[in-house]
Amino acid sequence: MPTDHLSATFAALADPTRRAILGRLAEGDATVNELAAPFAVSQPAISRHLKVLERAGLIERSRSAQARPSSLRVERLRQATDWIETRRTTWERRVERLDRYLEDIQKGTTQ
Amino acid sequence: MTEQTPVETGPQDQVVVIARVFDAPRQVVFDVWTNPDHVAKWWGPDGFHSPLDTIEIELRVGGRYHLTMVQDQTGAHYPLRYEIVELVPPELIVLRSEPMPDMGMHEPTVTRVELHDEGGRTRMHLTDGPYTVSEHAEGGWNGSFGKLDALLRSL
């Protein structure tokens with residue numbers, strides 16, 4: 001599994017402002033100005049957050065338009081949620097085996 | 001027969017939650033979690049085995065809970081290193097992992113196993129995570145992230 005990608009993704013997701021930015025971008029593309037509006041932080045601070053998100057593959061920034069609107073890249077986010085799903089599946093299967101093993105040893109003790 | 005309980009998920013999916021009733025006394029289930037001879041028989045998961053000689057369990061708070069999962073097909077080794085951080089035999093064991101970058105876990109995770117006696121059967125409540133730990137412990141995925149969850153569900 002692509003853990004290096006994922007550690008960058010999770011590190012990027014670890015910050016509440018960045019998650020809020022992603023939440024805003026889930027509603028549609030936005031420029032730095034538009035993204036900065038709801039936050040009590042400066043535009044340069046927003047730009048730094050955008051750089052982190054871009055490096056993590058979570059957003060793309062337009063190279064053509066001057067305002068460089070950002071857009072959400074859903075596939076990377078999906079990889080992060082898929083990975084958590086993998087952890088859940090691992091535990092489900094493990095507990096299945098625990099269950100079967102308990103049945104085996106219970107049979108052994110009652111015979 | 002063992003009651004099948006659907007796997008539940010936390011509200012924002014960062015913690016794995018599994019509830020299950022086993023048709024076995026609580027002390028037996030606790031032993032199966034804490035005795036290496038037993039752990040070697042089930043830890044897995046499917047496609048893996050955990051050789052007995054890799055399992056080290058010091059049954060005390062602060063003690064080790066170490067084992068190595070070996071992938072059956074490739075022989076690849078995946079060591080797991082936990083510390084026992086809470087222990088109330090036969091009711092509770094709480095394990096905290098060391099970060100395991102090879103397993104994609106760059107932050108410690110906590111596995112909490114509660115065992116409840118239900119008249120000779122045992123209800124296990126297991127939580128494992130979190131899988132998105134804030135460096136600043138700011139409490140996981142906040143409300144604005146719920147929008148993303150909704151988005152992902154709609155895809």
Side-chain angles (χ1 to χ4, degrees), chain A residues 1-28 38-39 58 72-110, chain B residues 1-2 4 7 9 13-18 20-25 28-29 31-33 38-39 41-48 101-107 109 111 122 124 126-136 138-152 155:
Chain A
M1 65 188 105
T3 53
D4 289 336
H5 281 330
L6 282 174
S7 50
T9 305
F10 282 126
L13 290 170
D15 180 273
T17 302
R18 288 198 288 271
R19 290 196 299 272
I21 290 170
L22 291 173
R24 168 63 186 82
L25 292 175
E27 295 168 355
F39 298 107
L58 285 161
L72 186 65
R73 286 185 65 196
V74 173
E75 64 272 28
R76 183 55 60 79
L77 201 54
R78 269 196 148 156
Q79 286 178 6
T81 55
D82 284 352
W83 185 74
I84 294 170
E85 197 53 40
T86 301
R87 304 303 311 159
R88 188 191 333 283
T89 305
T90 297
W91 274 109
E92 282 173 35
R93 291 185 180 158
R94 189 172 284 154
V95 169
E96 285 293 329
R97 279 169 58 143
L98 171 59
D99 190 20
R100 290 200 300 273
Y101 179 61
L102 278 166
E103 279 184 13
D104 289 348
I105 62 173
Q106 289 292 102
K107 279 181 206 149
T109 56
T110 52
Chain B
M1 284 298 291
T2 299
Q4 289 273 355
V7 172
T9 59
D13 270 6
Q14 79 274 42
V15 177
V16 174
V17 181
I18 294 177
R20 187 94 177 201
V21 177
F22 298 113
D23 194 6
V28 171
V29 180
D31 288 346
V32 160
W33 269 96
H38 287 310
V39 171
K41 297 280 177 45
W42 66 269
W43 185 279
D46 287 346
F48 292 84
D102 290 350
M103 305 292 291
M105 294 183 217
H106 296 265
E107 301 285 346
T109 58
T111 304
T122 304
M124 181 180 77
L126 181 149
T127 58
D128 183 60
Y131 289 113
T132 51
V133 181
S134 163
E135 303 165 343
H136 311 292
E138 286 174 285
W141 307 34
N142 69 5
S144 67
F145 202 66
K147 291 177 193 167
L148 291 179
D149 291 337
L151 174 76
L152 286 164
L155 292 173

Undergrad: Report the C-alpha separation of A:T90 and B:V16 in whole Å, then their side-chain angles, then the decisive distance to 0.1 Å, and conclude whether the side-chain contact (heavy atoms from CB on, under 4.5 Å) test is met.
TA: CA-CA 10 Å; A:T90 297; B:V16 174; over 6 Å; no
Undergrad: Can you find a heavy atom in the side chain of A:V95 that is under 4.5 Å from one in the side chain of B:M124?
TA: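 They are in side-chain contact.
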Undergrad: Do A:I105 and B:V32 touch side chain to side chain, with heavy atoms closer than 4.5 Å?
TA: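 Heavy-atom side-chain distance check passes, below 4.5 Å.
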Undergrad: B:V29 versus chain A, heavy atoms under 4.5 Å apart: side chain, backbone, both or neither?
TA: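 Both backbone and side chain of B:V29 come within 4.5 Å of chain A.
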Undergrad: Going from CZ on A:R94 to CH2 on B:W42, what distance comes out if it is rounded to the nearest 0.5 angstrom?
TA: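 CH2 of B:W42 is found 7.0 Å from CZ of A:R94.
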Undergrad: Of the non-hydrogen atoms in A:Y101 and B:H38, which two are nearest, and what is the gap between them?
TA: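 Nearest heavy atoms, A:Y101 then B:H38: OH-ND1, 2.6 Å.
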Undergrad: Hey, does A:L98 have a side-chain heavy atom less than 4.5 Å from the side chain of B:F22?
TA: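 Yes, close enough: below the 4.5 Å cut-off.
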Undergrad: Check the surroundings of atom CZ in A:R93: do more than 12 heavy atoms from other residues, nucleotides or ligands lie under 6.0 Å from it?
TA: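 Result for CZ/A:R93: open.
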Undergrad: Please step through side-chain contact (heavy atoms from CB on, under 4.5 Å) for the pair B:D23 and A:Q106, ending with a clear verdict.
TA: CA-CA 8 Å; B:D23 194 6; A:Q106 289 292 102; 5.9 Å; no
Undergrad: Salt-bridge test for B:R20 and A:E92: reply yes if a basic N is under 4.0 Å from a carboxylate O, no otherwise.
TA: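 Looking at A:E92 together with B:R20, the answer is no, because their closest N to O distance does not fall below 4.0 Å.
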